[in-house]
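Since the structure comes first, as structure tokens, the remarks are kept for the end.
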Amino acid sequence: MIIERIRRTGVGRAGLLVYTVSFFVVLYVPIAIVVIFSFNDSRLLAQWEGFTLKWYAALMNAPEIWIALANSTVVAAATAALSVGLGVFAAYALVKFRFRARPVVDALIFVPIVIAEIPEAVSIFLFLGARTLDWGLVAIIVGHASFAVAFAVLVMRARLARYDFSLEDAAQSLGATPVEALFRITLPLNYPALFAAGLLAFLLSFDDFYMTFFLAPPGIETLPLLIFSMAARGGVPPLINAISVIMLVVSIPLSFFFARATRGDE
Amino acid sequence: MSGTSPFAGRTRWIEGLSREAQKRVAIGANLGPALGFLAVFFFIPLAIVVLYSFGVWSTPGKTAVLGFEYYVELWSNTVYSRVILRSLVFALIATVASLLLGYPVAYFIALRAGRYRNMLILAILVPFWVSFVIRTYALRQVFAEGGPIYPLLVALGFVEPGQPFLQTDAAVILGLVYNYVPFMILPLYANMVGFDVSLLEASESLGAGRLRTLFVVTIPLTLGGIVAGSLLVFIPSTGELLVPEFLGGPAQTMNGQLLYTLFFQIKEWNVGSALSILLVAITLVLVFIYFRLLGRKQPVGFL
């Protein structure tokens with residue numbers, strides 16, 4: 001009787017709730033540790049010795065960190081511009097028109113996000129004849145865009161799926177050409193998706209490690225590369241954590257903007 | 001609107017075309033740049049890797065052997081084959097563990113979270129926006145001896161007291177699970193959200209127990225999400241580099257590190273290309289099987 005009652009009133013449910021809460025705790029503990037330990041007055045990996053701001057002060061006097069931040073930002077902005085410029089129009093064609101090659105084109109655009117990043121990075125490395133030095137940041141940008149385009153297409157497509165294309169017909173019957181209808185009606189009406197696609201591409205590029213690791217010319221570092229190389233050389237953990245916090249301060253707010261801009265799009 | 005638009009004058013010619021020709025111009029002009037870009041920076045590079053893998057082109061300064069030589073070498077050279085097999089085994093264990101750990105969470109968010117649903121799914125996504133390198137470095141600090149969860153790892157039997165947990169298989173596999181479990185939860189969630197809870201109630205009211213309902217109703221109905229999530233965890237795990245680099249030692253080397261060594265340290269581009277193509281081939285075969293089994297309608301859960 002009692003067992004039956006407990007079962008009905010939901011010990012199982014309570015258990016599921018407790019489990020889910022602990023799952024989220026485990027998911028966030030490491031990230032919280034990075035933030036907390038960036039204020040740690042100890043050079044050791046995991047011993048707390050007291051609060052300090054000295055690692056942030058040290059950041060101010062380390063030009064390589066600001067150069068890496070500038071590189072990351074330039075690469076991410078260029079990747080965003082390239083991905084939106086290519087992806088938005090591809091999404092428009094894929095949503096608006098029905099044509100025979102559509103399923104094939106659709107599949108081709110998404111292959112780059114299915115395949116793991118390292119084989120992709122390797123292929124661009126060989127394509128450039130290993131001469132990444134001649135290409136500078138451009139090698140990294142095209143590498144990032146090769147997968148970010150597909151994400152821009154996804155975002156724009158989700159938005160256009162809810163868009164009423166008869167507005168373009170209306171514009172054309174009032175004398176606009178098809179090109180005008182696209183640029184002056186459809187794109188302005190769907191600007192949240194343009195913005196969201198750009199943000200997504202920016203974030204993917206800004207946080208990217210693998211593509212950058214294989215394509216960055218010697219001597220050029222982005223923030224993720226700098227964190228990696230400092231960690232690999234046994235750099236001071238709290239300083240590395242402080243650099244990580246700088247990255248979080250950029251990417252977490254942007255990811256919230258992205259979530260807002262895509263609300264309602266499936 | 002005429003006169004003010006920079007497009008009106010230069011695009012008027014389109015209207016002189018037939019409806020069908022207009023459509024073709026529009027498709028070409030809108031899709032062309034994206035497809036051209038992907039052709040140059042994705043498909044041609046991939047074709048070049050294929051050429052290297054079969055020895056058509058060779059590593060600078062070396063002579064290549066034409067044929068399957070480099071694929072055979074991946075298998076016959078135990079230094080390589082051990083890393084490849086280890087990567088597959090680690091990825092498989094991480095996938096199963098992610099499924100077991102992630103399934104209840106996706107279930108809770110999709111069906112039991114009520115008005116907190118959107119907040120929780122956002123909370124699954126946030127770690128995804130923390131750079132991979134930061135998350136993995138964070139784990140190194142968490143797993144370190146004297147780190148905050150070291151006592152818990154000892155209590156759970158993952159490590160003998162006083163022994164380091166880093167540089168063990170378990171540390172690397174846990175690292176894979178931590179980094180990729182959101183990829184398991186998202187497609188599962190997308191799959192379960194559209195799910196009619198009354199089916200579960202019907203099953204239970206018809207006398208099936210909770211467990212039976214789970215195995216006979218819930219799991220078969222969420223199979224699409226299970227398979228999609230498993231692919232999204234398994235595929236990137238097999239090529240991993242950062243996780244074994246930060247959490248493992250020489251005995252945990254994985255494919256990503258092997259690729260790095262082959263391309264940048266010992267300069268064996270042909271063998272490296274064969275390994276790359278092997279990973280791509282595994283991916284494409286798995287994705288093909290997925291679509292064959294489940295059809296195109298299943299949610300993949302990217303957005």
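We name chains A, B, ... by the order of the sequence lines, and we start the count at 1 in each one. Every value quoted in this text rests on a predicted model; they were computed, and no experiment measured them.
Comparing B:Y178, B:Y107, B:F132 by heavy-atom pairs within less than 4.5 Å of chain A, the highest count is held by B:Y178. The residue among A:I31, A:V29, A:L223, A:D208 with the most heavy atom pairs within less than 4.5 Å of chain B is A:I31. Contact count versus chain B (heavy atoms, under 4.5 Å) is highest, among A:A152, A:P30, A:A93, for A:P30. Heavy-atom pairs under 4.5 Å with chain B peak, among A:L126, A:L225, A:I115, A:I118, at A:L126. Chain B forms more heavy-atom pairs under 4.5 Å with one residue of A:A90, A:A259, A:A101 than with any other, namely A:A90.
Looking at B:W57, there are no atoms closer than 4.5 Å to chain A (heavy atoms on both sides), in backbone or side chain. For chain A, the nearby parts of B:F108 are the backbone and the side chain; heavy atoms of each come within less than 4.5 Å. Only the side chain of B:I109 comes within contact range of chain A, judged by heavy atoms closer than 4.5 Å. Contacts of B:F246 with chain A are made by side-chain atoms alone, with heavy-atom separations under 4.5 Å and no backbone atom involved. Contact of B:Q22 with chain A is made through the side chain alone, with heavy-atom distances under 4.5 Å. Contacts of B:V181 with chain A are made by side-chain atoms alone, with heavy-atom separations under 4.5 Å and no backbone atom involved. Contacts between A:I33 and chain B at a heavy-atom distance below 4.5 Å involve the side chain alone, from C-beta outward. For a residue to count as touching a neighbouring chain, one of its non-hydrogen atoms must lie under 4.5 Å from one of that chain's; by this rule A:I124 touches chain B with backbone and side chain alike. Residue A:Y210 touches chain B through its side chain alone, counting heavy-atom pairs closer than 4.5 Å. In this structure, chain A has heavy atoms under 4.5 Å from both the backbone and the side chain of B:S276. Residue contact with chain A, scored on non-hydrogen atoms closer than 4.5 Å, involves the backbone and the side chain of B:I235 alike. Heavy atoms closer than 4.5 Å to chain B are found in the side chain of A:Y19, but not in its backbone. B:L231 does not touch chain A: none of its heavy atoms, backbone or side chain, sits under 4.5 Å away. Neither the backbone nor the side chain of B:Y150 comes within less than 4.5 Å of any heavy atom of chain A. Only the side chain of A:L94 comes within contact range of chain B, with at least one heavy atom under 4.5 Å from a heavy atom of that chain. Proximity to chain A is limited to the side chain of B:V287, based on heavy atoms less than 4.5 angstrom apart. The part of A:L182 that comes within reach of chain B is its side chain, from C-beta onward, which places non-hydrogen atoms under 4.5 angstrom from that chain.
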Can you check ring-ring contact (aromatic ring centres under 6.0 Å, His included) on B:F42 and A:F147, steps first, answer last?
-> CA-CA 9 Å; B:F42 182 80; A:F147 60 79; over 10 Å; no
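Separation of the B:F263 and A:F214 ring centroids does not fall under the 6.0 Å cut-off.
Heavy-atom contacts from other residues, nucleotides or ligands closer than 6.0 Å to CZ of A:R102 number more than 12.
Here B:F37 contributes atom CZ and A:S83 contributes atom OG; the two are 7.0 Å apart, rounded to the nearest 0.5 Å.
Taking 4.5 Å as the limit, some side-chain heavy atom of A:I109 sits within range of a side-chain heavy atom of B:L35.
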